[in-house]
Amino acid sequence: MDIIHLLPDSVANQIAAGEVIQRPASCLKELVENSLDAQATRVQVIVRDAGRTLLQVIDDGIGMSETDARLAFERHATSKIREAQDLFSLRTMGFRGEALASICAVAQVEMTTRRKEDETGTLIEIHGSDVVREEPCVCPVGTNIKVSNLFFNVPVRRKFLKTDQTELRNLLTEFYHIVLVYPKVSFTFVHNDEILLELPAGSEKQRIEAIFGNPKKNVFTSSFVEIKTDTEMVNIRGFVIKPESATKKAEQYFFVNGRYMRHPYFLKAVQTAYSAMLPSDYQPSFFIYFDIAPEAIDVNIHPTKTEIKFADEQTIFQILMASVREALGKFTLAPQIDFDTQGSIDIPVATGGAVSKPQVTVDPNYNPFHTRGTIYPDRAPKNWESLYEGVQGAEFRVQNSEVRSQSSEFRVQNSEFRSQNSEFRIQNSEFRLQDAENYPMWQYGGKYIFVQTESGLMMVNQHRAHIAVLFYQFLEQLGHAQGAMQQLLFPEVLNLQADEMILAGQLLPDLQAIGFDLEQLSPDSYSIQGVPAQLANQSPLPVLQHIIRQVHERGADTQAEWREQIALSLAENAAIPYGKSLNETEMRDLISRLTQLSSYGRTPDGKTIISLMSDEEMNRRFS
Ligand code: ADP
Ligand code: MG
């Protein structure tokens, strides 16, 4: 059966017309995409003089019937679309039926093609749209198209071509865009009889390595981390460079549904995820593949354009940024927050007797608002989930432009203890955070900080925001036994029940690491002589009781679990309370430190920190 049909004019007109073939690279793109549309598993590209004299593409795809071979060169002849609405669900690449017609109008084209059910193939030769030869031929299954002397009849075009070097670079760039999404297809690229690329079929990773890496050194595998996030709205996967491997020159590739795309806004999301990790003139390299329902993107009608519009770019921005951050967080922070293999401190477990005290720094002037730089902000855990081994990457579900983590019930190291951080939300609240310094903000009701951002009004719960910030600081300090201690003038006595005493003995090294100075007084009491500096102004008794009770109730029985509880209790107690008025510097400091955390939509125990009112919503209220 012949499969090519002519599009009705009405449909053809709905398709934006345009110059398809502007330079050798666009011609190559069309030819290779046709081969892939034809299900080729092997594609050879042969180029001479950067495509000026020869561009040849040989594939082992389905080939064409004799009739189709002829029809293929007519304008709007295509086997890939019937109705205009097909445009919106189309996943194949070529869809306009214009490429071959355009190419043969400006070059000398010779094609041989054969389907596997046909014994003979077809040879067609066309010069500037005139068929000069058409005959049966003997040829392998698949299609072999030779485009010679491009623009032979369009001197102006020819004149506008750049140097061979530039055109060859354009050819390769275009080629990369395609071959990176077809790792299962093998490709070769030959220029002036020299094999420039030999790409065997393999995984995405191997394809990237084959193009950009030095296979002997495994450059790729050693300098990239994998990202993967599946949501109802979009699936994102790919590879992002480790910050320390980044350079000024970067390979930055976005693909959506198997097509390369440029997307400055999403680029911003990736850059933001790296923000503080790279020197200002460095760029992250990445290969990121989006999978999204075709209805959710504005199909790129013009084949030479690579920009694509998404239905909900803000949400995808958030998902993308979170995904990259998570990957980077896992990679950069995991060694430092691996509680089981802490090498930096060595505290013997209390057995009831004397316990050697870890080094504790005293900072009597400690002020939670002025700790930038002293608490290793860049080493703070970036992601709550990534603190735990065996925790799957957060799976996001998108609901009304909110992203909700579903990594809800994970077990921490085989214990029954469950983090309360059952879900956290990334709301449309992570705006271009570097600029946060400049957004107008004010305090409302002694409880909330309102931030006016480009995308709407961000409302932040000041107490919870501070809990999140402090939580990570405390965790970090616990890991390094670097809590700042404030000596108490009048020691207090903590009386405990027998079972609580056992727990307290277990927690003692960590309580000391964070800045408590505790000494056992009797079989059922401790004397408290010093407290973490952040708690200097309050009675330590309720705090310690709270910690012990929570650890007990939750059955936290590994160090990672009780450290988390200690950090949370301390954070809750040390966080600025409601009703405290904040000056502008304090607000900015808090917001900026909050937004440096990778998931800050919720507190570690799942309470909402940030709520956003978009401009649309605001306007709707007044409509
Ligand atoms: P489009 O790709 O938009 O359909 P083209 O002008 O690029 O338009 O190609 C026209 C038709 O020719 C295609 O729809 C396809 O049926 C056929 N064709 C082109 N190249 C190949 C190929 N390499 N293998 C098999 N069929 C091809
Ligand atoms: Mg095509």
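Heavy-atom basis, side chains included; hydrogens, waters and symmetry copies ignored. Counting starts at 1 for both ligands and their atoms, following the listed order.
- With a 4.0 Å heavy-atom cut-off, ligand 1 is reached by no atom of Val57.
- Atom numbering of ligand 1 starts at 1 in the shown order; those under 4.0 Å from a heavy atom of Thr143 are 22 (C), 23 (N), 24 (N), 25 (C).
- Proximity of Leu100 to ligand 1, defined as any heavy-atom pair under 4.0 Å, is shared by backbone and side chain alike.
- Closest heavy-atom approach to atom 7 (O) of ligand 1 within the set Val32, Asn34, Ile145: this belongs to Asn34.
- Judged by the shortest distance from any of its heavy atoms, Gly63 lies inside the 4.0 Å radius around the atoms of ligand 1.
- The pair Asp291-Arg237 meets the salt-bridge criterion, with a side-chain N (NZ, NE, NH1 or NH2) lying under 4.0 Å from an Asp/Glu carboxylate O.
- Taking the six-membered ring where the residue is Trp, the centroids of Tyr260 and Phe254 are separated by 6.0 Å or more.
- Applying the side chain to side chain donor-acceptor pair (under 3.5 Å) test to every pair with at least one member in residues 39-48, sequence neighbours left out, gives these pairs: Thr41-Asp60, Arg42-Ser186, Arg48-Asp193.
- The minimum heavy-atom distance linking Phe152 with His127 is given by the pair CZ-C, 4.5 Å.
- Taking only nitrogen or oxygen atoms, main chain and side chain alike, Ala99 reaches within less than 3.5 Å of ligand 1.
- The two atoms that bring Phe287 and Phe212 nearest to each other are CE2-CE1, 3.4 Å, heavy atoms only.
- Checked against a 3.5 angstrom limit, the closest N/O atoms of Asp37 and ligand 1 fall outside it.
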